[in-house]
Amino acid sequence: MLRRSKLLVPIFGLILFLAACGQDYNGDFSFDIADFSYTNQDNEQFSSSELEGKFWIADFIFTNCETVCPPMTSNMVDLQQMLKEEGMEDVEIVSFSVDPDNDTPEKLKEYAASRGATFENWNLLTGYEFQEIKELSIKSFKTALEKAPDSDQMMHGTSFFVVTPEGNAIKKFDGRQPAEMEKIVQYLKDVNKE
């Protein structure tokens, strides 16, 4: 009997450890985000491993966008400022370019900076093939991405995704709507209490 109880203690400990590793958040879905390593606005490699243990917000944009990207980027700037005011600068922001053939690191940096962005916690990524970002958009974030026919424009999602420290997208907000930025901040406050 003694041998059996000695065996059960480590097994029970392992079960507790594994249960503590996963965190359940109050989200709408759970999409596992594929690992990535791309080039940021400073022409440096930035990978998903640098986001481990942090909440982050993701969106898809491109600098030549004539419709939704300018207001989305302005809203992300506002969100960045709100997070700073709330003492939540540890929340990272990641914008993936959907036009990597044209969006150089320099273009991305100028595009965001001209709208008031700072880069302590915001990485704008490029340095991949269109097919690669299309796959990440569709498979990881479950959001469509296509080249518009006979145009230099891209048809892409307009959501801001909340991604957990474990690398799962769990909620999305309309990146075109300024009022959604306050909802994102409140949501992050709420899930950080869980």
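Counting from 1, the numbers follow the sequence of the chain as shown.
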Cation-pi check for Phe29 against Lys142: NZ or CZ below 6.0 Å from the six-membered ring centre and within 45 degrees of the axis, yes or no? no
Side chain to side chain, Val94 and Ile57, heavy atoms closer than 4.5 Å: no
With distance as the sole criterion, is a donor-acceptor pair present between the side chains of Glu135 and Gln131 under 3.5 Å? no
When every non-hydrogen atom of Ala117 is compared with those of Gln80, the smallest separation belongs to CA-OE1, 3.8 Å
Is it true that Val163 and Met82 fall in one hydrophobic cluster, defined by side-chain heavy atoms closer than 4.5 Å? no
Can you name the closest pair of heavy atoms from Ser137 and Ala144 and give their distance? OG-O, 3.9 Å
Under a 4.5 Å side-chain heavy-atom rule over Ile, Leu, Val, Met, Phe, Trp and Tyr, are Val185 and Val162 clustered together? yes
Under 3.5 Å, side-chain donor or acceptor atoms of residues 86-93 against the rest of the protein: list the pairs with distances, not counting sequence neighbours.
from, atom 1, to, atom 2, distance (Å)
Glu86, OE1, Lys189, NZ, 3.0
Glu92, OE2, Lys54, NZ, 3.1

Which atom of Ser114 lies closest to which atom of Tyr111, heavy atoms considered: OG-O, 2.9 Å
Working to the nearest 0.5 angstrom, can you tell me the gap between Ile170 CD1 and Ser30 OG? 7.5 Å
Do Leu124 and Ile61 touch side chain to side chain, with heavy atoms closer than 4.5 Å? yes
Chi angles and distances behind the side chain to side chain contact (heavy atoms under 4.5 Å, CB included) call for Thr39, Glu44: CA-CA 5 Å; Thr39 305; Glu44 297 170 349; over 6 Å; no
Distance check, rounded to the nearest 0.5 Å: Asn102 atom CG versus Lys107 atom NZ? 5.0 Å
Intermediate values then yes/no, side chain to side chain contact (heavy atoms under 4.5 Å, CB included), Glu180 and Asn75: CA-CA 9 Å; Glu180 293 280 273; Asn75 288 338; over 6 Å; no
Heavy-atom side-chain contact between Ile133 and Leu145 under 4.5 Å: yes
Spell out, as yes or no, whether a donor-acceptor pair under 3.5 Å connects the side chain of Gln153 to the backbone of Glu66. yes
Find out whether Phe160 and Met76 are in side-chain contact, i.e. whether some heavy atom of one side chain is under 4.5 Å from a heavy atom of the other. yes
Give a yes or no on this: more than 12 heavy atoms of other residues, nucleotides or ligands lie within 6.0 Å of atom CG of Asp28. yes
Is there a side-chain hydrogen bond (donor to acceptor under 3.5 Å, both in side chains) between Asp152 and Asn64? Walk through the geometry before answering. CA-CA 8 Å; Asp152 64 354; Asn64 195 34; 2.7 Å; yes
With a 4.0 Å cut-off on N to O distance, would you call Lys134 and Glu146 a salt bridge? yes
Can you confirm whether Leu108 sits close enough to Thr63 that some side-chain heavy atom of one is under 4.5 Å from a side-chain heavy atom of the other? yes
Rounded to the nearest 0.5 Å, the CG atom of Asp35 sits from the OG atom of Ser49 at a distance of 8.0 Å
Using a cut-off of 6.0 Å, state whether more than 12 heavy atoms not belonging to Glu110 lie near its atom CD. no
Would you mind reporting whether Phe31 and Ser140 have side-chain heavy atoms less than 4.5 Å apart? no
What distance do Asp32 atom CG and Glu166 atom CD have between them, rounded to the nearest 0.5 Å? 11.0 Å
Rounded to the nearest 0.5 Å, the CG atom of Asn40 sits from the OG atom of Ser95 at a distance of 11.5 Å
Is it true that Val98 and Phe36 fall in one hydrophobic cluster, defined by side-chain heavy atoms closer than 4.5 Å? yes
Can you name the nearest heavy-atom pair linking Ser159 to Asp59, along with the distance? O-CB, 3.7 Å
Within-4.5 Å side-chain heavy-atom neighbours: Pro100 and Glu132: no
Side-chain heavy atoms nearer than 4.5 Å, only ILVMFWY residues, links allowed to pass through others: does that put Val77 and Met181 together? yes
Would you say CD of Glu129 has more than 12 non-hydrogen atoms from neighbouring residues, nucleotides or ligands within 6.0 angstrom? no
Taking the six-membered ring of Phe173, is the NZ or CZ of Lys183 close enough (under 6.0 Å from the centre) and on axis enough (within 45°)? no
Thr143 vs His156, test: side chain to side chain contact (heavy atoms under 4.5 Å, CB included). Steps then yes/no. CA-CA 7 Å; Thr143 187; His156 62 92; over 6 Å; no
Tell me whether the count of non-hydrogen atoms from other residues, nucleotides or ligands lying under 6.0 Å of CD in Glu182 goes above 12. no
With side chain to side chain contact (heavy atoms under 4.5 Å, CB included) as the test, would you mind laying out the steps for Cys69 and Phe62 before giving the verdict? CA-CA 7 Å; Cys69 300; Phe62 64 110; 3.9 Å; yes
Joint hydrophobic cluster, Leu136 plus Met154, side-chain heavy atoms closer than 4.5 Å: yes
Expected output: side-chain Thr126 to main-chain Ser97 donor-acceptor under 3.5 Å: no
Rounded to the nearest 0.5 Å, what separation is found between the CZ atom of Arg115 and the OG1 atom of Thr73? 6.0 Å
Taking ring-ring contact (aromatic ring centres under 6.0 Å, His included) as the criterion, tell me which of Phe55, Phe141, Trp56, Tyr187 meets it with Phe161. Phe141
Do Leu79 and Ile184 come within less than 4.5 Å of each other through their side chains, counting heavy atoms only? yes
On the 0 to 90° scale, with breaks at 30° and 60°, tag the Phe60-Phe96 ring pair as parallel, tilted or perpendicular. parallel
